[in-house]
Amino acid sequence: MKIGEATRDRVLSVASPVALFVLWEIASRAHWIDSRFFPAPSSIAGTFGAMIANGTLLSNTLTTLERLAIGLVVGGVPGLVLGLAMGLYRPIYALVDPLISATYPVPKSAILPLILLVFGLGEASKIAMVAIGMFYPVVINTAAGVRQIDRIYFDVGRNFGARGPAVFRTIAFPGALPVIMTGVKLGAGLGLILIAIAEMVGAQSGLGFLIWNAWQILQVNVMYVGLITIAVIGFVLTVMLNELERLLIPSRTRR
Amino acid sequence: MSGAAKIRFENVEKRFALRDGEHVALGGISFEVGAGEFFVIVGPSGCGKTTLLRIAAGLDRPTSGRVSIAHGEGERPENAMVFQGDSIFPWMTVRENASYGLRMRGAARAHIDEVVGHYLDRTGLRRFADAYPYQLSGGMKQRVSIARAFACDPEVLLMDEPFSALDEQNRTLLQEELLRIWDETKKTVVFITHSVDEAVTLGDRIMVMSADGLPKAYVDVPFSRPRSVLELRATPEYGRLFHDIWAQLRTEIHEVA
Ligand SMILES: Nc1ncnc2c1ncn2[C@@H]1O[C@H](COP(=O)(O)OP(=O)(O)OP(=O)(O)O)[C@@H](O)[C@H]1O
Ligand SMILES: [Mg+2]
């Protein structure tokens with residue numbers, strides 16, 4: 001039987017992780033690898049089931065998701081608005097760009113102590129970390145996205161009577177949207193990294209806390225459950241944002 | 001010139017600052033375009049045609065002088081421009097592009113649908129109303145740009161080499177279409193081209209511009225309307241006009257080269 005190339009590729013890309021798990025299972029049971037650090041997938045799956053049953057996984061996941069969602073909005077919306085303003089008005093760009101360029105290279109994880117100092121150990125500091133991670137890529141990409149729009153489109157807007165908000169809505173925003181979406185995806189990924197870090201240091205809940213706590217009390221299985229859950233969140237987030245991009249930018253959907 | 005003056009250019013001068021001194025794009029131009037007149041400007045590349053039109057559209061300011069457009073009754077926009085090169089929004093469908101001017105002026109939904117539908121029919125774009133520009137040929141994109149300008153029913157229509165990027169067949173087709181639409185509306189048009197053929201085919205009056213941004217000659221085109229592009233081009237009068245204008249232009253092009 002002949003199979004198509006696409007089918008073959010799909011089979012291969014499913015086969016490789018499955019093979020890895022099988023190998024891992026065998027290696028762990030045969031004690032080729034230290035099963036204290038690399039417990040067999042079947043035993044992790046057992047812990048997974050138990051944590052779903054007693055509700056700890058769900059409650060910690062929801063906590064993390066809530067912080068992530070709020071943080072992405074809190075960082076993304078101002079980033080978008082400021083980026084549009086910077087892209088459209090040169091004086092605003094001249095004013096704000098040096099500040100952003102100067103602070104952008106600071107590793108976001110390195111400012112966690114400062115954030116904890118300012119916002120305390122409560123929810124605000126977690127949200128702030130995500131927001132910072134989201135803000136920079138969004139503001140930078142939005143400003144760049146608007147600035148790369150061909151001047152002629154702004155002339156068309158003026159000529160046909162677009163003023164103020166209509167220029168944002170009909171030209172600057174849709175014209176920059178492909179570049180903005182790249183920033184949003186970057187920012188969301190960064191936000192997920194930062195929420196995990198923030199929860200490890202100063203939290204009593206969330207997946208980051210779960211992982212950190214599991215390490216401290218040497219519940220390796222729980223740690224793996226947390227890691228896998230975060231990986232799944234990252235994957236689902238990527239898929240969702242790609243889908244959002246497809247919906248928002250129909251003029252780019254060339255098929 | 002037919003009727004009262006619709007557009008008046010008074011001593012319009014435009015200088016651009018360059019690193020070493022300045023460049024005079026327009027050297028103080030004065031002329032009038034009559035109401036309902038199809039006015040064509042021909043001139044060599046770089047003689048200031050786009051600059052002149054952008055000033056008329058209010059997109060750029062002249063260094064000195066002024067352009068005034070007489071207002072008719074009603075709330076119509078003063079002008080609408082068909083830009084040189086690609087200017088339809090890539091992120092909007094054909095219909096959204098064509099209705100842009102009306103939407104920006106807050107026209108009623110039913111009115112927009114009716115007017116835009118009419119011009120999409122006129123330009124043969126009805127089937128592509130929901131297509132995006134990347135799905136269109138160059139000729140179709142220029143049709144969208146023309147529909148967009150006509151749909152908002154401006155006092156004057158400013159067209160900057162709308163067909164220059166098209167192949168011969170497409171250009172002739174679009175010229176015919178433009179003539180047909182124009183016959184319905186009898187708008188005041190300022191049309192820029194560097195094709196002498198196009199100028200004689202479309203215009204009521206032609207201004208030949210010199211390479212240094214000044215009017216060099218005015219030529220009246222006596223053909224009656226409605227015109228048929230192909231029949232027109234077969235007449236001896238057409239050949240004579242073509243020859244006269246070309247002779248005027250040739251000296252200019254030699255000066256530039
Ligand atoms: N923003 C600008 N800054 C400096 N010089 C300019 C600017 N815009 C136009 N010019 C110059 O002014 C002159 C006239 O330009 P314009 O675009 O009006 O020419 P044109 O007649 O439309 O030419 P074409 O037929 O090639 O479109 C050119 O020499 C051009 O280099
Ligand atoms: Mg030009």
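We name chains A, B, ... by the order of the sequence lines, and we start the count at 1 in each one.
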Exercise for review: Decide if atom CD of A:E66 counts as having more than 12 heavy atoms of other residues, nucleotides or ligands within a radius under 6.0 Å.
Suggested key: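 No, the 6.0 Å shell around CD holds no more than 12 heavy atoms from other groups.
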Review point. With chain B, which of A:P178, A:G157, A:G175, A:G161 has the greatest number of heavy-atom pairs at distances under 4.5 Å?
Key: A:G175
Check your understanding: Which value, rounded to the nearest 0.5 Å, describes the distance between B:R105 atom CZ and A:R163 atom CZ?
Key -> 9.5 Å
Review point. How far does CD1 of B:I88 sit from CD1 of A:I152, to the nearest 0.5 angstrom?
Key: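 Between B:I88 CD1 and A:I152 CD1, I get 11.5 Å after rounding to 0.5 Å.
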Review point. A:F173 and B:W91: aromatic ring centres closer than 6.0 Å?
Key: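 For A:F173 and B:W91, the ring centres are not under 6.0 Å apart.
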Review point. Is a side-chain donor or acceptor of A:N159 paired with a backbone partner of B:A80 at a separation under 3.5 angstrom?
Key: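 No, the answer is negative, given that no donor and acceptor are paired below the 3.5 Å cut-off.
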Review point. Parallel, tilted or perpendicular for B:Y100 and A:F160, by the 30°/60° rule?
Key: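 Ring orientation of B:Y100 relative to A:F160: perpendicular.
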Check your understanding: Which region of A:L177, side chain (C-beta onward) or backbone (N, CA, C, O), has a non-hydrogen atom less than 4.5 Å from a non-hydrogen atom of chain B, or is it both or neither?
Key ->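 Neither; nothing under 4.5 Å.
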Tell me, side chain or backbone of [X] under 4.5 Å from chain A's heavy atoms, or both, or neither?
X: B:L102; value: neither
X: B:R103; value: neither
X: B:P77; value: neither
X: B:F83; value: side chain

Review point. What do the steps show when you test B:E96 against A:T170 for side chain to side chain contact (heavy atoms under 4.5 Å, CB included), and what is the final call?
Key: CA-CA 10 Å; B:E96 287 165 348; A:T170 65; over 6 Å; no
Point to revise | Shortest non-hydrogen contact between B:G58 and A:R158, atoms and distance | key: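 Result for this residue pair: O-NH2, 3.0 Å.
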Point to revise | Neighbours of chain A found in residues 184-192 of chain B - heavy atoms under 4.5 Å | key: none
Revision key, fill the gap. If you tally heavy-atom pairs under 4.5 Å between each of B:R148, B:E78, B:R54 and chain A, the highest tally belongs to B:R148
Check your understanding: How would you list, by chain and number, every residue that makes a ring pair (Phe, Tyr, Trp, His ring centres under 6.0 Å) with B:F150, sequence neighbours excluded?
Key ->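 Residues passing ring pair (Phe, Tyr, Trp, His ring centres under 6.0 Å) with B:F150: B:Y119.
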Point to revise | No-hydrogen, no-angle side-chain donor-acceptor test under 3.5 Å, A:S251 and B:Y134 | key: no
Exercise for review: Check whether any side-chain heavy atom of B:M81 lies under 4.5 Å from a side-chain heavy atom of A:V156, and answer yes or no.
Suggested key: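 A side-chain contact is absent here, since even the closest heavy-atom pair is not under 4.5 Å.
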